[in-house]
Amino acid sequence: MLKFSGKSVYKGIVLGPAAVLKNNDFQVKRERSEDPEAEIARVEAAAEKAQEQLQKLYDKAVIEVGEASAAIFEVHQMMLEDDDYRDAISSMIRTEQINAEYAVAVTGDNFSEMFANMDDDYMKARAADIKDISNRLVRNLSGQEDVDFSSMEPSIIIADDLSPSETVQMDKSKILAFVTVHGSTNSHTAILARMMNIPALIGVPMNLDEIHTGQTAIVDGFKAEVVFDPTEELCRETQSRMQEEQEKAELLQTLKGKENVTLSGKKINIYANIGSVGDVGYVLENDAGGIGLFRSEFLYLGRNDFPTEEEQFQAYRQVVQTMAGKKVIIRTLDIGADKQADYLNLGNEDNPALGYRAIRICLKQPDIFKTQLRALLRAAAYGNLSIMYPMIISTEEVQQIYSIVDEVECELNDAGIPYKIPEQGIMIETPASVMISDELAEMVDFFSIGTNDLTQYTLAIDRQNEKLDDFYNPHHKAILRMIQMVVDNAHKHGKWAGICGELGADLELTQEFVRMGLDELSVAPSMILKVRKNVREME
Ligand code: PEP
Ligand code: MG
């Protein structure tokens, strides 16, 4: 039995097999080879295996996301067979008498740089593809298994760390829990775990070489512990605790269809946060009154090029239609900082959280923004859609946004494409926006307070830095006073204000939020009924 403690980001308990995801960015070492032809044969075998893996990914993607999005795996298959790429690898192995892994990694870097420097945007975007292919070959050469989600049984994901682009590619129906060595309680992996209602531990000092896929594990989010190879007695005890949790969850189900109203009759909207079209199932299952935050940037992650207007339109339309008249607030692209996509070429920054991100990218690169706005305005014609802009710091930004929305409206009009101008609100997640919330309230339809970033920027604490988790205190008086100020300024101008950051689901504060006058709390779907219970028990 191997036991480790960490920090729990979502309570729950589960028993199941482990699936170990090894980090792809491990160091490839240059080694001398006495038999270059044997190394070239290893590359051939690794490429053959890669072809099979890509074919499986293509077949799965065609069913799940359609032929257009799946085509990228066909492109990878073709690039893998490209003569220039393969000859460059073989020639390097022969002339420098080196190992296959090193030759593939270096050739991948060289080709990727060559593509990145091309003028043509399509070719530029291939830089990330060639990197992906080379990483896949290196993984195959070094015997690291790609976790194949299509054939995997539901498992506990064990990893060093998980980036948002890795989690977005996972088949959520196969994930029982997350356990990572690194990561912070405010990371998007933690947010995803809360959304999926599964236990998750971070900061667990495991040695991934001692753990293998298939090993039985127990993740206990209440005790913040993970146990590998548990005793039979512990397994039995865990199963009975899982049963108790199941019964508690069933009790909460009786609150479905009930109003979010206090004993004295005050009502509040409880909406859900989502990151993809597939999450709408969780929203309906948990009886949310609407969607208060659709993190649209997840549509941009885990892929090699921008999602097209059509792809985005289909996704947004599907969500508003499925929600059948209930409010759906879609946040425009909030990429940058921890949410990176190679094809955006954002470059390295010393302070990415204070850097080129979110609305700043959209205002500097209006083509990207306009594509998304066209898709949003078109989808708004199909249901109750609202748009929300992230990371606002000034009234000028809101004016600039509105003039871009005007341009998009004119273009859609000229082309005779049906659309609607929806409600438009902003996220309040910078201290600057709090302080000028009286002026901003005159310009927008609503405020949604992003307490994750608001806490980060107010307390000067990087929300991703696991060393600072003890200092990151969203209950800080400064944050609570800011929330009150924002609510009061919104109401002064007849606008509504809600919270869509993780604090909205903090059950210790539900009643205080109602007293403060918040009109909406948007929380992980798994928290909807728990927050409803708190509201209904309040005087
Ligand atoms: C926030 O900052 O509180 C928020 C809701 O946005 P995100 O967590 O996606 O930055
Ligand atoms: Mg934010």
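Computed from heavy atoms alone, side chains included, the values below leave out hydrogens, waters and symmetry copies. These numbers come from a predicted model, not from an experiment.
- Considering Ile202, Val20, Ile157, Val204 as possible partners of Val179, the one that fulfils the side chain to side chain contact (heavy atoms under 4.5 Å, CB included) test is Val204.
- Here the side chain of Glu210 pairs no donor or acceptor atom with the backbone of Met206 at under 3.5 angstrom.
- Panel note: side chain Asn452, backbone Arg463; no donor-acceptor pair is recorded below 3.5 Å.
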* To do: Take Tyr300 and Gln312 through the test side chain to side chain donor-acceptor pair (under 3.5 Å) and record every step on the way to the result.
  => CA-CA 10 Å; Tyr300 293 69; Gln312 292 192 59; 3.2 Å; yes
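- When atom types are taken as modelled, the side chain of Thr430 and the backbone of Ile392 share a donor-acceptor pair closer than 3.5 angstrom.
- Within the structure, ring pair (Phe, Tyr, Trp, His ring centres under 6.0 Å) contacts touching residues 340-369 (residues at least two apart or in different chains) are Phe306-Tyr343.
- Residues Ile93 and Ala100 come closest through the heavy atom pair CD1-CA, 3.9 Å.
- The minimum heavy-atom distance linking Ser8 with Leu201 is given by the pair CA-CD2, 3.8 Å.
- Evaluation of the side chain to side chain contact (heavy atoms under 4.5 Å, CB included) rule for Glu81 yields Gln51, Arg86 as partners, not counting sequence neighbours.
- Expressed to the nearest 0.5 Å, how far CD1 of Ile387 lies from CZ of Phe294 amounts to 13.0 Å.
- Interatomic distance, CD of Gln400 versus SG of Cys362, reported as 11.5 Å (0.5 Å rounding).
- We find the OG1-CD1 distance between Thr455 and Ile449 to be 10.5 Å, quoted to the nearest 0.5 Å.
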* Just do the side chain to side chain contact (heavy atoms under 4.5 Å, CB included) check on Ser448 and Arg331 with the steps written out, would you? => CA-CA 10 Å; Ser448 186; Arg331 172 174 77 185; over 6 Å; no
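- Looking at Phe115 and Lys131, their side chains never come closer than 4.5 Å, going by heavy atoms from C-beta outward.
- Here OG of Ser276 is found 12.0 Å from CZ of Arg295. Values are rounded to the nearest 0.5 Å.
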* **Full working for salt bridge (Lys or Arg N to Asp or Glu O under 4.0 Å) between Lys7 and Glu466** => CA-CA 10 Å; Lys7 283 183 209 144; Glu466 58 202 73; over 6 Å; no
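- Judged as a side chain to side chain contact (heavy atoms under 4.5 Å, CB included), and not counting sequence neighbours, the contacts of Ala337 are Arg357.
- Considering only residues two or more places apart in sequence or on other chains, Ala116 meets the side chain to side chain contact (heavy atoms under 4.5 Å, CB included) condition with Ala127.
- A distance-only check finds no donor-acceptor pair linking the side chain of Asn197 to the backbone of Ser526 [under 3.5 Å].
- Residue pairs meeting the salt bridge (Lys or Arg N to Asp or Glu O under 4.0 Å) criterion with at least one member in residues 371-394, sequence neighbours excluded, are Glu309-Arg374, Glu309-Arg378, Glu310-Arg378, Arg374-Glu411.
- The list of salt bridge (Lys or Arg N to Asp or Glu O under 4.0 Å) pairs with a residue in residues 340-356, not counting sequence neighbours, is empty.
- No option in Ile426, Leu363, Asp406 other than Leu363 meets the side chain to side chain contact (heavy atoms under 4.5 Å, CB included) test with Ile401.
- Put simply, CG on Asp82 and CD on Gln77 are 14.0 Å apart, with the number rounded to the nearest 0.5 Å.
- Shown here are the ring-ring contact (aromatic ring centres under 6.0 Å, His included) partners of Tyr402, two or more places apart in sequence or in another chain: there are none.
- A pairwise comparison of heavy atoms in Gly290 and Val283 identifies O-CG1, 4.2 Å as the closest pair.
- Evaluation of the salt bridge (charged side-chain N to carboxylate O under 4.0 Å, His left out) rule for Glu48 yields no partner, not counting sequence neighbours.
- No side-chain heavy atom of Asn384 sits under 4.5 Å from any side-chain heavy atom of Lys326.
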* Asked: Yes or no on salt bridge (Lys or Arg N to Asp or Glu O under 4.0 Å) for Arg303 and Glu311, after CA distance, side-chain angles and deciding distance?
  -> CA-CA 13 Å; Arg303 48 187 297 147; Glu311 273 177 81; 3.0 Å; yes
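- Salt-bridge formation is not detected for the pair Glu39/Arg94: no Lys NZ or Arg NE/NH1/NH2 atom is positioned less than 4.0 Å from an Asp or Glu carboxylate oxygen.
- Remark: side-chain polar atoms of Asn273 are paired, donor with acceptor, to backbone N or O of Cys500 under 3.5 angstrom.
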* side chain to side chain contact (heavy atoms under 4.5 Å, CB included) assessment of Asp279 paired with Lys172 -> CA-CA 10 Å; Asp279 296 338; Lys172 293 178 191 159; 2.8 Å; yes
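- Looking only at side-chain heavy atoms (C-beta outward), Gln318 and Val280 stay at 4.5 Å or farther from each other.
- Applying the side chain to side chain contact (heavy atoms under 4.5 Å, CB included) criterion to Ala358, with sequence neighbours excluded, gives Asp334, Pro390, Met391.
- A 4.5 Å side-chain heavy-atom check between Ile198 and Val219 finds every atom pair outside the cut-off.
- In terms of the ring-ring contact (aromatic ring centres under 6.0 Å, His included) criterion, residue partners of Phe111 (sequence neighbours excluded) are, by chain and number, Tyr85.
- Every pair passing side chain to side chain donor-acceptor pair (under 3.5 Å) that includes a residue from residues 100-115 is listed here, sequence neighbours excluded: Arg42-Glu101.
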* Asked: Does the side chain to side chain donor-acceptor pair (under 3.5 Å) test come out yes or no for Asp59 and Gln55, once each step is laid out?
  -> CA-CA 6 Å; Asp59 295 341; Gln55 188 58 43; 3.2 Å; yes
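- No donor-acceptor pair closer than 3.5 Å links the side chain of Asn286 to the backbone N or O of Ala288.
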Side-chain donor-acceptor pairs under 3.5 Å in residues 417-425, sequence neighbours left out?
from	atom 1	to	atom 2	distance (Å)
Tyr419	OH	Glu409	OE2	2.9
Tyr419	OH	Asn413	ND2	3.2
Glu423	OE1	Lys327	NZ	2.9
Glu423	OE1	Ser386	OG	3.2
Gln424	OE1	Tyr389	OH	2.7

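- Here the side chain of Tyr457 pairs a donor or acceptor atom with the backbone of Ala353 at under 3.5 angstrom.
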